[in-house]
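One is the number of the first residue; the rest follow in order along the sequence.
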Amino acid sequence: MSRLRPSRIPEWPRPFDPDIELDWGEPEVSRRLLLEHLDESHDGASRRPGLVAAHIRRLLRLLPPCPARILDAGCGPGLYAVPLAQHGFSVVGVDAGDAVLAHARTTARRARAAVDFVRADLRALPPGDPFDAAILIYFVLDSFTRRDQLVVLRRLYGQLRPQGRLIAELRVRPDQPPGRLTSWDVVPRSLLSDRPHLLLVDTTYDDRNHTFVLRETAVFDDGRTASQQTTSRLFTLDEIQELFARAGFAVRSIHDGWTRYRANALSDSLLHAWPHTQLRRDRQRRWRWPVELAEPVRDHRGCARRRYICSATP
């Protein structure tokens with residue numbers, strides 16, 4: 001969060017601006033984000049229970065059979081990790097926020113679900129026992145720069161056992177035309193403050209560079225302001241193929257959102273990628289094994305998204 005004079009706020013935001021880009025691991029952000037996760041009046045930070053349940057049913061068709069070992073990368077408050085554990089999977093949830101992880105542990109304990117929740121940055125996952133599958137749900141991957149997206153995919157690659165799979169939900173475009181839209185409202189709280197304030201919101205979609213920036217500026221009663229933004233690096237069908245290949249994965253098919261239907265350039269989509277039939281060697285001449293993966297990312301305000309879910313293997 002950054003404090004700027006209103007006259008100093010640029011008209012057009014800079015994607016991944018380090019001065020105001022949201023830090024998901026910052027304690028106050030994690031605490032306030034948890035409130036958004038649990039607010040069922042919108043799907044901005046997490047999905048409503050009915051939608052999560054429908055997604056779980058779809059995941060049961062995509063994941064290897066129980067008791068497969070599953071990594072929920074960017075698990076948030078455990079809305080997917082806990083139900084998967086209740087279905088018999090061995091689940092590890094990873095997130096950068098302490099508050100959401102604390103809530104996830106409480107939820108798992110109350111549900112008598114055995115889930116191990118770990119605080120970690122997806123760009124620096126610690127080594128451990130290999131997983132049969134990993135999931136990246138709700139546009140987690142979009143919130144990284146293109147370079148860091150590749151880093152995350154390679155880290156997840158290293159977490160998977162031979163023939164493991166990754167299921168990731170990716171966004172193609174936001175639910176707005178290219179350009180900038182603005183709005184304002186008086187809110188009781190937001191990610192910027194726990195007290196009432198005027199919230200100025202602008203969303204900028206750059207279809208040439210495939211970025212979407214949601215910027216919020218709070219104006220308080222004493223005239224002070226605070227700003228934060230979240231940037232999404234979006235995907236095209238061709239970019240998915242190339243990005244996954246650079247991480248060592250092969251894409252098999254792309255489906256429309258959470259459905260079983262094939263995607264097209266305008267659809268919400270689900271992508272399945274499968275391992276190569278032969279092993280590959282890296283520069284150190286060590287074996288790289290086939291893996292499967294799928295797409296992801298998240299947004300605390302919740303505009304409708306065009307998306308892919310994908311699985312791929314090295």
Side-chain heavy atoms nearer than 4.5 Å, only ILVMFWY residues, links allowed to pass through others: does that put [X] and [Y] together?
| X | Y | answer |
| --- | --- | --- |
| Val115 | Ile56 | yes |
| Phe244 | Leu125 | yes |
| Phe144 | Leu71 | yes |
| Leu79 | Trp258 | yes |
| Phe117 | Val52 | yes |

To the nearest 0.5 Å, what is the distance between [atom1] ([X]) and [atom2] ([Y])?
| X | Y | atom1 | atom2 | value |
| --- | --- | --- | --- | --- |
| Asp221 | His197 | CG | NE2 | 10.5 Å |
| Asp116 | Asp72 | CG | CG | 12.0 Å |
| Gln228 | Leu192 | CD | CG | 5.0 Å |
| Glu28 | Asp23 | CD | CG | 12.0 Å |
| Leu150 | Asp148 | CG | CG | 9.5 Å |
| His103 | Leu33 | NE2 | CG | 12.0 Å |

[X]/[Y] ion pair, N-O < 4.0 Å:
| X | Y | answer |
| --- | --- | --- |
| Asp206 | Arg208 | no |
| Arg233 | Asp142 | no |
| Arg119 | Asp95 | no |
| Glu21 | Arg14 | no |
| Asp194 | Arg32 | yes |

Worked verdict on Gln176 versus Thr203 for side chain to side chain donor-acceptor pair (under 3.5 Å): CA-CA 9 Å; Gln176 75 170 60; Thr203 55; 2.5 Å; yes

[X] to [Y], cation-pi by 6.0 Å centre distance and 45° axis angle:
| X | Y | answer |
| --- | --- | --- |
| Arg195 | Phe220 | yes |
| Arg69 | Phe131 | yes |
| Arg154 | Tyr157 | no |

Whether over 12 other heavy atoms sit under 6.0 Å from Trp12 CH2: yes

Between Thr236 and His210: side-chain donor-acceptor atoms closer than 3.5 Å: no

From CA spacing to verdict: side chain to side chain contact (heavy atoms under 4.5 Å, CB included), Leu156, Leu136: CA-CA 10 Å; Leu156 292 174; Leu136 281 165; 3.4 Å; yes

Residue pairs fulfilling side-chain hydrogen bond (donor to acceptor under 3.5 Å, both in side chains) with at least one residue in residues 76-85, sequence neighbours excluded: Arg47-Tyr80, His55-Tyr80

Check: [Y] and [X] side chains under 4.5 Å, non-hydrogen atoms:
| X | Y | value |
| --- | --- | --- |
| Leu34 | Pro77 | yes |
| Val118 | Leu101 | no |
| Leu243 | Leu153 | yes |

Derivation and outcome, side chain to side chain donor-acceptor pair (under 3.5 Å), residues Ser227 and Thr217: CA-CA 4 Å; Ser227 297; Thr217 299; 3.0 Å; yes

Arg155/Gln159 under side chain to side chain contact (heavy atoms under 4.5 Å, CB included): CA gap, chis, key distance, verdict: CA-CA 7 Å; Arg155 291 290 186 181; Gln159 297 286 325; 5.7 Å; no

Worked verdict on Leu141 versus Val152 for side chain to side chain contact (heavy atoms under 4.5 Å, CB included): CA-CA 8 Å; Leu141 197 59; Val152 170; 3.9 Å; yes

Heavy-atom donor-acceptor pair, Arg173 side chain to Tyr205 backbone, under 3.5 Å: no

Any donor-acceptor N/O pair, Ser30 side chain to Ala99 backbone, under 3.5 Å: yes

Chi angles and distances behind the side chain to side chain contact (heavy atoms under 4.5 Å, CB included) call for Arg171, Phe212: CA-CA 10 Å; Arg171 182 165 41 163; Phe212 176 72; 3.9 Å; yes

